[in-house]
*Asks:* 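Pasting a structure here, questions to come.
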Amino acid sequence: MAHNIPCFVAHRGFPALYPENSLPGIQAAIQLGARYVEIDIQLSSRLTPYVCHDDNLQRLTGHDVYLTELGDDEIDTLTISYPQDATRSAAIPRLAAFCQRLAQYPQVTAFIEIKSESIARFGLKQTIAAILPVIDTVREQCVLISFDWEAMMLIKSRQRYKTGWIIESWTDEQSSMATRLQPDYLFSSVHCLPEKLDQLWTGSWQWVIYTVDDCDTALHYAKAGITLIETDTIGTLLEP
């Protein structure tokens, strides 16, 4: 990766034009040149990992139900509409289907966020145990990320997986935890970052920020050394 040149991460695929976290959106982002994608994982009641950000599916599907309470057959009937064309929709994909697609693109790295709702409902160990076997064949392409520091500690103890911790705030406590965890990547919302970017915490990790949807802002962060930048508009920012 060239110094000070933004490298864009397709945040939930290409949600500006496709259903978020959908296989069509992820496929479109990769075909446009994305080398990093970020997805979210929730577990069904049968502990099947699905690629979905929300536990409550009202926003995405119009149904006031919880993915973590539904069986696989019920989830497989639900669809998410395209943002600019309500006549089209896409399924909520299983993590297994995503991994099969990822294997076709060995140049792509996937940031896989383990959502807190699934951890809270099923417990940390059971949640991790449901996810790791599914990504095993593509684990070299995967980085497991979470806000949950205990999840990061558990995954790092396996010594087979790259990790990324998502900070919640810019505090001394969070800085100390980052030093303790030593993740491969450290994630932050742009709203959490200090005003002076030369005050970024230093460590062995690589910073990833979210969410930036315009080139000028991306270049501002890249100039400060933050070159991995999540975006919802991957197609626009990767235009030549």
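All values below come from the heavy atoms of this structure, side chains included, with hydrogens, waters and symmetry mates left out. Positions are given from 1, in the same order as the sequence printed here.
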*Asks:* Counting N and O atoms only, with roles assigned by atom type, does the side chain of Arg139 sit under 3.5 Å from a partner on the main chain of Asp136, one being a donor and the other an acceptor?
*Replies:*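 Judged by distance alone, yes, a pair lies under 3.5 Å.
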
*Asks:* Given the rule in the side chain to side chain donor-acceptor pair (under 3.5 Å) test, do Thr211 and Asp232 qualify, once you have shown the distances and angles that lead to the verdict?
*Replies:* CA-CA 7 Å; Thr211 306; Asp232 289 340; 4.9 Å; no

*Asks:* Any donor-acceptor pair under 3.5 Å linking the side chain of Ser44 with the backbone of Thr48?
*Replies:*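 Yes: the side chain of Ser44 pairs with the backbone of Thr48.
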
*Asks:* Relative to each other, are the rings of Trp207 and Trp205 parallel, tilted or perpendicular (30° and 60° limits)?
*Replies:*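 Judged by the thresholds at 30° and 60°, the geometry between Trp207 and Trp205 is perpendicular.
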
*Asks:* Would you say Arg59 has more than 12 foreign heavy atoms packed within less than 6.0 Å of its CZ?
*Replies:*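 Buried by this count: over 12 neighbours within 6.0 Å.
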
*Asks:* Is the gap between the ring centers of Tyr210 and Phe187 under 6.0 Å?
*Replies:*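 Not under 6.0 Å, so no.
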
*Asks:* Using only atom types and a distance under 3.5 Å, with no angle test, would you say the side chain of Lys125 pairs donor to acceptor with the backbone of Leu154?
*Replies:*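 Side chain of Lys125 to backbone of Leu154: no pair is present.
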
*Asks:* Donor-acceptor pair, Thr127 side chain versus Gly123 backbone, under 3.5 Å?
*Replies:*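 Yes; at least one donor-acceptor contact below 3.5 Å.
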
*Asks:* So which atom in Pro194 and which in Gln199 form the shortest heavy-atom distance, rounded to 0.1 Å?
*Replies:*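 Smallest interatomic distance, heavy atoms only, reads CB-OE1, 3.9 Å.
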
*Asks:* Should the heavy atoms of other residues, nucleotides or ligands under 6.0 Å from CG of Asp172 be counted, would the total exceed 12?
*Replies:*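 Check fails, neighbour count at 12 or below.
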
*Asks:* Does Glu20 reach the main-chain N or O of Ile80 with its side chain, forming a donor-acceptor pair under 3.5 Å?
*Replies:*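 Checking the backbone N and O of Ile80 against the side chain of Glu20, no donor-acceptor pair under 3.5 Å is found.
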
*Asks:* When you compare the side chains of Gln42 and Glu117, does any donor N or O come within less than 3.5 Å of an acceptor on the partner?
*Replies:*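 Result is yes, a qualifying pair exists.
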
*Asks:* Answer yes if the side chains of Tyr161 and Asp184 hold a donor-acceptor pair under 3.5 Å, and no otherwise.
*Replies:*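 Distance-only check fails for Tyr161 and Asp184.
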
